[in-house]
Amino acid sequence: MIKLYNTMTRRKEIFEPIEGNRVKLFVCGPTVYDYSHIGHARTYISFDVIVRYMKYSGYSVFYVQNITDLDDKILKRADELETSPLELARRYEEKYLHDMDLLGVEHVNLYARATEHIPEIIRQIGVLVDKGYAYETDKGVYFDESKFEDFGKLSNRNIEDLNVHRIGPDSSKRNPGDFALWKKRERISEEQEMIWDSPWGTGRPGWHIEDTAITETYFGPQYDIHGGGLDLIFPHHEAEIAQMEASSGKKPMVRYWMHTGFLNVKGEKMSKSLGNFITIYELLEEYSPEVFRFFVLSTHYRSPIDFSSEILHQSSQGLNRIYNLIEKINCELDSDTSISLDNDSDYIQKLAAVREEFFEAMDNDFNTPAAISTIFDLIRDVNRDIHESNISKNSLTKLKAIIMEFGYVLGLDFSMEHGNEENLEIELLDLLKYVREKLRQNKNWELSDQIRDKLNDLNISLEDKKV
RNA sequence: GCCAAGGUAGCUUAGCGGCGAAGCGGUGGACUGCAGAUCCAUUACACGGGAGUUCAAAUCUCUCCCUUGGCUCCA
């Protein structure tokens with residue numbers, strides 16, 4: 001039974017899909033005008049694990065993400081780079097998907113591009129106009145905030161507050177907070193991209209409407225979960241609620257709202273002006289995807305998380321502790337000394353208990369830090385038992401399987417089977433190991449240590465075992 | 001100003017009414033030719049301050065202090 005925190009109610013609730021075990025999940029995707037950054041990575045890794053766990057728990061998840069490929073920022077950037085907006089959008093979309101692959105984020109079931117849903121968008125705007133929720137000016141079509149009394153229910157604001165601190169509102173709008181559904185733009189040339197015909201003249205959609213047009217197309221007017229970064233609560237998600245609930249007349253648009261916390265860099269918000277903007281590409285030049293994922297999952301998805309090299313190093317060390325155990329298990333399983341103990345049944349019980357604890361943590365609003373903590377508890381016990389030769393191969397095999405299972409849910413590969421080295425490399429390495437072993441037998445410590453140090457410089461770590 | 005999220009050992013985080021926990025780290029020891037890994041022990045002033053509710057508060061309520069974010073570009 002999964003419990004999840006619903007931003008709408010500000011409480012943890014028992015998760016129940018509208019229809020059986022089928023989950024309709026929408027997460028706001030990126031605006032593809034630049035490289036994705038580590039904040040995106042945090043959000044999408046979080047939802048990756050959430051979805052993995054839901055599937056693992058028996059739900060059939062239909063996971064949709066939009067790709068915002070018609071935004072003003074894209075036009076501006078394309079102008080700067082003297083390229084076509086669509087080409088730019090496709091290029092960065094490709095980079096986004098590639099980054100997700102590198103991070104081990106599974107593809108969602110459907111990536112929906114805004115530009116490929118223009119008819120749906122126009123249709124939805126039309127409904128809003130017909131029902132009197134939207135009005136046309138000479139600049140565009142706007143949603144009339146005052147007609148939708150629930151406006152602000154997600155972010156806990158009221159319309160008066162929103163109107164007070166607005167500077168220089170557009171006087172052509174009825175209310176200062178009314179947002180654009182359709183932006184009128186003149187068609188300059190025939191080959192111009194990102195401009196479409198509509199009943200309100202040529203132009204392009206506003207920012208919020210693509211998501212509701214897309215979700216209505218694939219999910220209908222009501223679905224299970226809508227997710228995204230914390231920063232999208234206002235105004236984006238408020239606008240979505242207004243659009244969808246006003247046009248369909250059905251409430252609520254979505255049952256559960258899930259928002260991921262921010263990733264800061266050394267205590268500061270990531271921004272281009274501060275110069276602390278880190279792209280996923282840059283991240284992966286320095287850290288492995290596993291370390292970053294482990295770092296992300298070491299904090300609960302709703303909590304703020306602080307990125308720094310010191311903390312990444314801590315994560316790396318923690319992850320190594322898990323890897324070391326796997327290696328040790330593999331070693332024990334390969335060795336000839338067979339320990340046969342009759343405490344297997346104890347182990348089966350213990351592992352079942354740990355498994356239950358792990359899944360309890362995950363059930364509790366996807367509490368990955370608590371789940372990881374159960375892995376460490378297990379590791380401590382197992383290390384002790386291995387150290388005391390108090391565990392059978394049979395138990396070790398089961399133990400390994402369970403850690404792999406945890407790894408699968410968290411999207412971390414604990415298999416330690418990377419075996420993609422060239423054969424020649426392996427053979428040369430074996431030769432080197434053989435020579436060094438001979439040196440050690442002759443107690444030529446100086447030279448054997450040198451070999452080990454040099455290998456270490458090449459990122460190959462050699463660790464001697466007791467003979 | 002309004003809204004929101006936080007303040008738990010040196011660091012990073014769980015816990016959110018009933019023995020304060022995990023990882024990273026520090027120190028000493030065992031094992032090892034040394035190192036690494038691991039084990040044992042140990043170190044930790046750890047629940048921002050104050051008041052209240054309760055048999056019982058890190059946990060609930062109020063209040064104050066501090067940090068961060070949002071307030072129509074944002075994952």
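Predicted, not measured: the structure shown is a model, and the values here were computed from it. Each chain gets a letter, A, B and so on, in the order its sequence line appears, and its residues count up from 1.
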Counting distance only, does the side-chain N/O of [X] pair as donor-acceptor with the main-chain N or O of [Y] below 3.5 Å?
X	Y	value
A:N109	A:Y63	yes
A:S46	A:R42	yes
A:E193	A:L86	yes

Side-chain N or O of [X] closer than 4.0 Å to phosphate OP1/OP2 of [N]:
X	N	value
A:N367	B:rG15	yes
A:Q317	B:rG23	no
A:W207	B:rC74	yes
A:N456	B:rA35	no
A:T368	B:rA14	no

Touch class at under 4.0 angstrom, heavy-atom based, for [X] against every strand present:
X	value
A:D71	nothing
A:H313	nothing
A:S373	sugar-phosphate
A:K73	sugar-phosphate
A:T374	nothing
A:G228	sugar-phosphate
A:N383	sugar-phosphate
A:D377	sugar-phosphate
A:Y44	sugar-phosphate
A:R302	nothing
A:L263	base

With [atom1] as the reference atom in both, quote the distance from [N] to [M] in angstrom, rounded to an integer.
N	M	atom1	answer
B:rA5	B:rU13	C1'	16 Å
B:rC45	B:rC3	C1'	36 Å
B:rA58	B:rC16	C1'	8 Å
B:rC73	B:rG17	P	40 Å
B:rA9	B:rU27	C1'	15 Å
B:rG20	B:rC47	P	13 Å
B:rA56	B:rA14	P	30 Å
B:rU38	B:rG25	P	9 Å

Where the side chain of [X] is concerned, which of [options] is the nearest nucleotide?
X	options	value
A:D464	B:rA35, B:rU12, B:rA14	B:rA35
A:T260	B:rC71, B:rA75, B:rG23	B:rA75
A:R452	B:rC39, B:rA35, B:rG33	B:rA35
A:K328	B:rA75, B:rU38, B:rU12	B:rU38
A:K269	B:rU12, B:rG69, B:rA5	B:rG69
A:N264	B:rU68, B:rA75, B:rG33	B:rU68
A:L232	B:rA14, B:rA35, B:rC74	B:rC74
A:A370	B:rA14, B:rC74, B:rA5	B:rA14
A:R384	B:rC40, B:rC24, B:rC3	B:rC40
A:T299	B:rG33, B:rA14, B:rC74	B:rA14

*asked:* Does the structure show A:F376 stacking with B:rA22, if we require the centres to be closer than 5.5 Å and the planes to be within less than 30 degrees of parallel?
replied: no
Specify the separation, in whole Å, of atom [atom1] of [X] and atom [atom2] of [N].
X	N	atom1	atom2	value
A:I278	B:rA75	CD1	C1'	15 Å
A:I45	B:rA75	CD1	P	16 Å
A:F406	B:rG23	CZ	C1'	17 Å
A:I379	B:rC39	CD1	C1'	15 Å
A:I38	B:rA75	CD1	P	14 Å
A:E145	B:rC71	CD	C1'	13 Å
A:M100	B:rA75	CE	P	12 Å

_I'd like to know if the side chain of A:Q65 pairs up with that of A:Y96 as donor and acceptor (distance under 3.5 Å, no hydrogens or angles considered)._
yes
*Just checking, any donor-acceptor pair under 3.5 angstrom between side chains of A:E238 and A:S155?*
yes
*Take A:R113 and A:E93 through the side-chain contact (heavy atoms from CB on, under 4.5 Å) test and state the conclusion after the steps.*
CA-CA 10 Å; A:R113 292 170 176 156; A:E93 177 187 313; 2.9 Å; yes
*Quick one: the side chain of A:Q314 and the base of B:rC11, do they pair up donor-acceptor inside 3.5 Å?*
yes
*Could a donor-acceptor pair under 3.5 angstrom be found where the side chain of A:D231 meets the base of B:rG69?*
no
*asked:* Any strand counts, and the cut-off is 3.5 Å on both contacts for Watson-Crick or G-U wobble. Which nucleotide pairs with B:rU42?
replied: B:rG26
_Test salt bridge (charged side-chain N to carboxylate O under 4.0 Å, His left out) on A:E80 and A:K76; report intermediate values, then the result._
CA-CA 6 Å; A:E80 285 167 9; A:K76 186 164 170 266; 3.7 Å; yes
*Can you find a pair of side-chain heavy atoms, one from A:D211 and one from A:Q243, that are under 4.5 Å apart?*
no
*Which residue, A:I225, A:I50, A:N364, A:I14, forms the side-chain contact (heavy atoms from CB on, under 4.5 Å) with A:L4?*
A:I225
*asked:* Below 30° counts as parallel, above 60° as perpendicular, anything between as tilted: where do the rings of A:Y44 and A:H40 land?
replied: parallel
_Along RNA chain B (nearest heavy atom to each residue), the more 5'-positioned of A:H40 and A:R321_ = A:R321
_Which is more 5' along RNA chain B, the nucleotide nearest A:R436 or the one nearest A:G29? Just name the residue._
A:R436
